[in-house]
Amino acid sequence: MDTTVNEIAADVYRISTFHPEYGIQFNQFLLKDDEPFLMHTGFKKMFQTTFDALASIMEPSKLRWIGFSHFESDECGALNEWLSVAPRSEALCSVVGAVVMVNDFADRPARALADNETLSTGRHHLQFLATPHVPHGWDAGLFFDTVDRTLFCSDLFFHPGNPEPLAGAQVLERAQESIVQNLTGPLANDMPYTPHTGATLARLAALKPRTLAVMHGSSIEGDCAAAVAGLTRFIEATLGAHKDSR
Ligand SMILES: [Fe+2]
Ligand SMILES: [Fe+2]
């Protein structure tokens, strides 16, 4: 598997592995700071390639925080491997994530974050946003760097293939196509639409992110609030309750 590293915003390194069997990228993001933060661990089976890529940026044993959105193998499958190679590292996740899943699965307890709780990594400040069922999973949450306005948005804006590290508004179109494609097939209905979906997405747009760090596909720069608003309108029109004949 081919892993590439690109700095997509100041101190934010995108570690991207294209998985030919899945036909998609799995992107991890390293926020390099006094207390380095890794967003998603990647699959357990991808640990070595992710580790080697991260080692090209910093000393892996110095990793301090391991964040992820929700309990899935691509988000946190290699958590125990990272906890082992970085002795001071701690997982960061939602209260639901810690109580329901992570504290049983992980070799060390997670630090559970409340909605809106912030954490300083040095120059950067991470705000945790509890976003149940957005993009999916009861335990879902996202991280926002309030200093440089990078939103680590997990599976939002998912699109397949092996595209460029960073792109503009055209990513919205690709994400919309993927939402339609993901309505059918064995992995269909990945994105639930609940009474809270619209408000949760509106809250993300209101952050006015400068960069969206996307887990599968290109990250986004430019008018990210407009991109999130556009995605929200499309999700509402495509998955909203009035359309729900699935
Ligand atoms: Fe996911
Ligand atoms: Fe994912």
Side-chain angles (χ1 to χ4, degrees), residues 1 3-4 8 12-31 37-47 49-50 53-54 66-79 81-82 91-94 96-98 100-102 105-106 110 128-144 150-163 165 171 174-183 185-194 196-197 200-201 204 211-220 228 231 235 239:
M1 276 178 289
T3 299
T4 56
I8 58 159
V12 179
Y13 293 82
R14 177 184 186 265
I15 299 171
S16 179
T17 303
F18 177 69
H19 197 303
E21 279 171 39
Y22 288 88
I24 63 175
Q25 294 171 334
F26 293 90
N27 303 320
Q28 279 57 251
F29 296 94
L30 173 69
L31 181 67
F37 166 83
L38 179 67
M39 180 66 182
H40 331 126
T41 69
F43 287 125
K44 184 176 181 171
K45 286 184 178 164
M46 278 173 27
F47 173 68
T49 187
T50 311
L54 187 138
I66 302 165
F68 48 90
S69 166
H70 50 278
F71 193 78
E72 283 181 346
S73 296
D74 61 341
E75 295 265 350
C76 61
L79 175 59
E81 281 69 16
W82 284 108
L92 292 172
C93 63
S94 68
V96 173
V100 178
M101 287 160 274
V102 179
F105 164 83
F128 180 74
L129 304 147
T131 59
H133 306 293
V134 175
H136 46 224
W138 175 25
D139 56 324
L142 301 173
F143 291 84
F144 181 60
T150 300
L151 177 63
F152 298 92
C153 64
S154 179
D155 298 336
L156 290 175
F157 292 93
F158 170 99
H159 53 287
N162 195 14
V171 174
R174 299 181 207 162
Q176 289 172 341
E177 280 171 30
S178 298
I179 287 170
V180 173
Q181 280 163 11
N182 289 347
L183 289 174
L187 299 180
N189 299 329
D190 59 309
M191 198 180 284
Y193 191 88
T194 78
H196 310 293
T197 304
T200 302
L201 290 169
L204 302 181
T211 309
L212 295 168
V214 173
M215 187 180 195
H216 308 283
S218 302
S219 289
I220 304 172
V228 174
L231 188 75
I235 288 173
L239 309 178

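Every number for a ligand or one of its atoms is a count from 1 in the order of the listing. Sequence positions, counted from 1, serve as the residue numbers for this chain. If you're wondering where the values come from, they're calculated on a predicted model, not measured in any experiment.
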Expected output: side-chain [X] to main-chain [Y] donor-acceptor under 3.5 Å:
{"X": "D139", "Y": "F71", "value": "yes"}
{"X": "H159", "Y": "G217", "value": "no"}
{"X": "N27", "Y": "V214", "value": "yes"}

field: N, O or S from E75 under 2.8 Å to the Fe ion (ligand 2)
entry: no

message: Using a distance threshold of 2.8 Å, state whether an N, O or S atom of H216 lies below it from the Fe ion (ligand 2).
response: yes

message: By the definition ring pair (Phe, Tyr, Trp, His ring centres under 6.0 Å), identify the one residue from Y22, F157, F26 that meets it with H216.
response: F26

statement: Note: NE2(H70)-the Fe ion (ligand 1)-OD2(D155) angle, rounded to 10 degrees, equals 100°

message: Can you check the angle at the Fe ion (ligand 1) formed by OE1 of E72 and NE2 of H136? Round it to the nearest 10°.
response: 110°

- prompt: For the residue pair F152 and F144, is the inter-centroid distance of their aromatic rings smaller than 6.0 Å?
  reply: no

field: Residue D74 atom name (nearest to the Fe ion (ligand 2); N/O/S)
entry: OD2

